[in-house]
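Read through the structure below, which is laid out as structure tokens, and then see the notes.
All values below were derived from every heavy atom in this structure, side-chain atoms included, with hydrogens, water molecules and symmetry-related copies excluded.
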Amino acid sequence: MSTLLLNLDFGEPPPKKALEGNAKHRKFVKKRRFLERRGFLNKKNQHPSKVPKLHPDPPKKGEAPRVDGTWKVSPLPKKKTAASSSGPEQSLDRKAAVPWLTPAPSQKAGSVVAKVDLLGEFQSALPKTRSHPARSQKKGPQKNPTQKNAPQNSTQSRLENKCSGASQKTPGKMVAIDCEMVGTGPKGHVSSLARCSIVNYHGDVLYDEYVLPPCHIVDYRTRWSGIRKQHMVNATPFKVARSQILKILTGKIVVGHAIHNDFKALQYSHPKSLTRDTSHIPPLNRKAECPENATVSLKCLTKKLLNRDIQVGKSGHSSVEDAQATMELYKLVEVEWEQHLAQNPPKD
């Protein structure tokens with residue numbers, strides 16, 4: 001008996017694993033939890049000190065530590081879009097609706113077991129799946145059915161933009177010119193510049209000067225040109241006048257009637273893309289009820305379309321009056337003719 005007493009250890013017994021218990025108890029608890037998960041049994045009401053710790057690992061994102069050693073799991077965010085509830089995206093929502101994953105309601109609202117979100121625990125244990133966006137987002141921005149005709153509409157819009165852009169720039173970029181010539185050379189058969197007038201888009205005079213030809217004048221052609229001998233006394237020399245005129249014409253749209261005669265007298269060639277000759281504009285002839293390909297005089301067009309008389313009397317023509325009439329005629333068909341030129345640009 002004394003030998004038994006000597007072998008006994010009177011020290012403090014090892015602390016019992018109150019939370020785990022023996023093997024039989026653990027097996028019982030495991031079965032009970034399985035039945036609770038299936039919904040056959042309600043959760044067992046246990047004392048807070050005896051509830052096992054279900055989260056031995058460090059807290060995950062969205063969890064907060066509690067006083068009793070458990071972790072509060074924040075509920076999953078609810079999906080707002082209706083499109084995400086269709087198709088394979090319902091996988092997470094269906095999991096939440098499975099009965100054995102849904103914990104049975106506890107009888108005591110203040111129990112610790114009610115505080116543990118088993119659904120969050122099981123979902124954290126499941127393999128992580130990326131929530132796919134709705135199919136409408138995968139496809140990217142939906143194409144408007146009206147975009148099928150975009151190439152056709154874009155061509156028309158470009159033409160309209162060109163025409164509108166040209167009309168917006170017209171006041172500063174368009175001028176009208178008219179020149180009066182006298183006869184020089186053998187028998188006065190060579191036409192030389194004797195007067196030049198340039199007006200802007202609104203008909204204001206930009207330039208109007210008498211020009212002294214470099215050759216001797218044989219025929220003043222006063223009945224048509226209106227030039228007389230006294231006009232040449234203080235006239236500007238041809239070279240000086242030409243340089244002044246070209247500074248005005250360069251880079252601008254130049255309107256004229258039978259304008260090739262004016263450029264020939266100036267010894268100048270203007271780009272065809274910037275030249276508008278009212279004697280060769282079919283829409284203008286149609287408005288005047290004349291043949292489209294016919295060359296109609298400026299006097300006739302002005303009378304029919306502007307109801308105004310020019311080039312009357314024996315005193316000769318006025319180059320300022322003719323230039324202003326030419327610009328007014330062109331403005332009648334400007335939009336239509338500019339659209340035609342945008343589609344069929346002239347080759348220089």
Side-chain angles (χ1 to χ4, degrees), residues 146 148-179 196-207 245 248-264 266 268-311 317-348:
T146 58
K148 294 181 179 180
N149 300 328
Q152 300 176 357
N153 296 335
S154 62
T155 305
Q156 297 177 357
S157 62
R158 280 195 220 103
L159 296 176
E160 292 176 358
N161 291 337
K162 285 182 180 179
C163 298
S164 62
S167 60
Q168 290 176 0
K169 296 179 181 179
T170 297
K173 290 291 185 180
M174 185 174 287
V175 295
I177 188 173
D178 187 75
C179 297
C196 180
S197 300
I198 301 174
V199 299
N200 63 9
Y201 185 78
H202 304 289
D204 302 324
V205 178
L206 300 178
Y207 185 88
I245 295 168
I248 300 174
L249 301 185
T250 302
K252 292 185 174 64
I253 298 174
V254 183
V255 183
H257 194 82
I259 198 171
H260 60 280
N261 294 325
D262 300 327
F263 288 153
K264 184 178 179 180
L266 284 167
Y268 171 67
S269 177
H270 198 67
K272 290 184 179 179
S273 59
L274 298 178
T275 303
R276 308 290 186 265
D277 192 343
T278 53
S279 66
H280 297 290
I281 298 181
L284 198 59
N285 288 5
R286 285 198 299 268
K287 281 183 174 291
E289 298 180 355
C290 297
E292 291 187 2
N293 297 327
T295 302
V296 186
S297 66
L298 179 63
K299 182 178 180 177
C300 180
L301 291 174
T302 304
K303 180 64 177 177
K304 288 188 175 183
L305 299 178
L306 302 179
N307 195 23
R308 190 165 76 222
D309 293 323
I310 60 171
Q311 302 175 357
H317 302 173
S318 169
S319 55
V320 173
E321 186 181 48
D322 291 353
Q324 291 171 340
T326 302
M327 180 62 78
E328 291 182 35
L329 288 172
Y330 184 74
K331 288 159 94 173
L332 296 176
V333 293
E334 178 184 0
V335 175
E336 182 180 356
W337 190 242
E338 290 296 334
Q339 289 180 354
H340 171 77
L341 294 178
Q343 296 175 358
N344 307 282
K347 296 180 181 180
D348 293 333

- Item | Shortest non-hydrogen contact from Tyr201 toward Met327 | O-CG, 3.6 Å

- Note on the structure: Rounded to the nearest 0.5 Å, the CD1 atom of Ile198 sits from the SG atom of Cys179 at a distance of 7.5 Å

- Mark yes when over 12 heavy atoms from residues, nucleotides or ligands other than Lys287 sit less than 6.0 Å from its NZ; otherwise mark no. no

- Task: Would you name the heavy atoms of Lys272 and Lys347 that are closest together and state the gap between them?
- Result: CD-O, 3.2 Å

- If you look at every heavy atom in Leu274 and Lys252, which pair is closest and at what distance? CB-O, 3.6 Å

For residues 289-302, which side-chain donor-acceptor pairs fall under 3.5 Å, sequence neighbours excluded?
| unit_1 | atom_1 | unit_2 | atom_2 | d |
| --- | --- | --- | --- | --- |
| Glu292 | OE2 | Arg286 | NH1 | 2.8 |
| Ser297 | OG | Cys300 | N | 3.2 |
| Thr302 | OG1 | Leu298 | O | 2.7 |

- Output the distance between atom CG (Leu341) and atom CD (Glu336), rounded to the nearest 0.5 Å. 11.0 Å

- Query: If you measure from the Lys or Arg side-chain nitrogens to the Asp or Glu carboxylate oxygens, is any gap between Glu321 and Arg308 under 4.0 Å?
  - Reply: no

- Item | Ile177 side, atom CD1; Tyr268 side, atom OH - distance, nearest 0.5 Å | 9.5 Å

- Taking the side chain as every heavy atom from C-beta outward, state whether His260 and Phe263 have any atom pair closer than 4.5 Å. no

- Note on the structure: When rounded to the nearest 0.5 Å, the distance separating OG1 of Thr275 from NE2 of His280 is 12.0 Å

- Message: Distance check, rounded to the nearest 0.5 Å: His257 atom NE2 versus Thr326 atom OG1?
- Response: 7.0 Å

- Closest heavy-atom contact between Ser197 and Val320? OG-CG2, 3.4 Å

- Item | Gap separating the CG atom of Leu284 from the CD atom of Glu334, nearest 0.5 angstrom | 12.5 Å

- Item | Which atom of Leu306 lies closest to which atom of Ala325, heavy atoms considered | CD1-O, 4.0 Å

- Go through the steps for Met174 and Lys331 under the test side chain to side chain contact (heavy atoms under 4.5 Å, CB included), then give the verdict. CA-CA 11 Å; Met174 185 174 287; Lys331 288 159 94 173; over 6 Å; no

- By side-chain hydrogen bond (donor to acceptor under 3.5 Å, both in side chains), which residues pair with Lys264, not counting sequence neighbours? none

- Residues in side-chain hydrogen bond (donor to acceptor under 3.5 Å, both in side chains) contact with Gln324, at least two apart in sequence or another chain: none

- With distance as the sole test, does Asp277 use its side chain to make a donor-acceptor pair with the main-chain N or O of Ala258 at under 3.5 Å? yes

- Message: Looking at every non-hydrogen atom in both residues, tell me the closest pair between Ser273 and Pro346 and how far apart they are.
- Response: CA-CG, 3.8 Å

